[in-house]
Amino acid sequence: SPEGEMELLVRRPSATTAALTTASRPSESETEVELSLRIAPRGSDRRKHDHVCFGLSGGRELRLHDPRRFGFCTWIAGDPTLDSRLAALGPEPLGKDFHHLDLMKRFHGRSAAVKVLIMDPKIVVGIGNIYASETLFRAGIRPSRPGSRIQTEEARRIVRSARAVL
């Protein structure tokens with residue numbers, strides 16, 4: 001809320017959903033290629049790709065750093081999970097909702113290559129090209145195989161491998 005402690009929901013392809021409050025402290029190991037949030041002293045120099053800054057109490061700012069411009073920032077009143085942009089996304093690969101049975105349902109009737117499907121954020125978020133290749137290699141599945149032909153045990157291996165890779 002504008003007056004009290006702020007909660008910010010972040011959902012992006014290369015990370016899990018996170019809630020950050022004004023009391024949180026960011027990791028010092030940020031890279032220049034990833035979207036990140038950090039708390040900095042108000043008025044301090046901004047990085048080249050700090051695109052959004054929120055003023056916080058105590059002379060601090062919360063900064064959204066997004067070199068590749070994959071993120072978006074919006075104010076959502078109410079339950080953020082009801083926002084259509086977030087509701088359409090698949091499960092987070094490190095979350096409890098990423099399960100082989102759900103993956104099988106999402107693959108059902110889909111002739112697209114399994115690599116293309118696991119990179120689709122409507123199927124599962126957080127798996128880009130390199131992660132998809134490594135996931136399928138570890139799972140022993142040919143990337144060009146149609147998603148509809150993936151068997152239950154193979155879906156288990158995809159889930160297990162994706163979690164190990166990420």
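Keep in mind that what you see is a predicted model, and the values were worked out from it rather than measured. Below, all heavy atoms of this structure are taken into account, side chains as well, without hydrogens, waters or symmetry copies.
With hydrogens and angles left out, the side-chain atoms of Asp50 and His65 include a donor and acceptor closer than 3.5 Å. Donor-acceptor pairing under 3.5 Å is lacking for the side chains of Ser144 and Lys115.
Cluster annotation: Met119 is not connected to Leu166 through the hydrophobic network of ILVMFWY side chains, with a link wherever side-chain heavy atoms come within less than 4.5 Å. Linking Ile, Leu, Val, Met, Phe, Trp and Tyr residues whenever their side-chain heavy atoms come within less than 4.5 Å places Leu62 and Val52 in a single cluster. Val116 and Val165 fall into different hydrophobic clusters, where Ile, Leu, Val, Met, Phe, Trp and Tyr side chains are chained together by heavy-atom contacts under 4.5 Å. There is a path of hydrophobic side-chain contacts, each under 4.5 Å, that joins Ile127 to Leu94. Leu64 and Phe54 fall within a single hydrophobic cluster, where Ile, Leu, Val, Met, Phe, Trp and Tyr side chains are chained together by heavy-atom contacts under 4.5 Å.
For the side-chain hydrogen bond (donor to acceptor under 3.5 Å, both in side chains) with Asp102, the lone residue among Arg106, His100, Lys105 that qualifies is Arg106.
Among pairs with a residue in residues 129-142, those fulfilling salt bridge (charged side-chain N to carboxylate O under 4.0 Å, His left out) read Glu134-Arg138, at least two apart in sequence or across chains. Sorted by first and then second residue, the salt bridge (charged side-chain N to carboxylate O under 4.0 Å, His left out) pairs involving residues 157-166 (not counting sequence neighbours) are Glu153-Arg160.
At a threshold of 4.5 Å between non-hydrogen side-chain atoms, the residues Ile118 and Phe107 count as touching. Counting heavy atoms from C-beta outward, Phe98 and Val125 have side chains that stay 4.5 Å or more apart. Looking at heavy atoms from C-beta onward, Arg63 lies in side-chain contact with Ser44 at the 4.5 angstrom threshold. Contact check for Ile123 versus Arg110: side-chain heavy atoms found under the 4.5 Å cut-off. Considering only heavy atoms from C-beta on, Arg38 comes within 4.5 Å of Arg47 through its side chain. Ile150 has its side chain within reach of Arg145: a pair of non-hydrogen atoms, C-beta onward, lies under 4.5 Å apart.
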Check against side-chain contact (heavy atoms from CB on, under 4.5 Å), Ile158 and Val114: CA-CA 10 Å; Ile158 291 171; Val114 67; 4.0 Å; yes

Worked verdict on Arg149 versus Glu154 for salt bridge (Lys or Arg N to Asp or Glu O under 4.0 Å): CA-CA 10 Å; Arg149 299 194 59 198; Glu154 293 169 316; over 6 Å; no

Intermediate values then yes/no, side-chain contact (heavy atoms from CB on, under 4.5 Å), Thr152 and Met104: CA-CA 7 Å; Thr152 303; Met104 294 288 295; 4.0 Å; yes

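Within a 6.0 Å sphere centred on CG of Asp45, other residues, nucleotides and ligands contribute 12 heavy atoms or fewer.
Of all heavy-atom pairs spanning Ser148 and Gly109, the tightest one is CB-N, 3.9 Å. Here the closest heavy-atom approach between residue Pro146 and residue Ser111 is recorded as CB-O, 3.7 Å.
In this structure, CD on Gln151 lies 10.0 Å from CD1 on Ile141, to the nearest 0.5 angstrom.
Every residue meeting the salt bridge (Lys or Arg N to Asp or Glu O under 4.0 Å) condition with Arg46, not counting sequence neighbours, appears here in chain and number order: Glu61.
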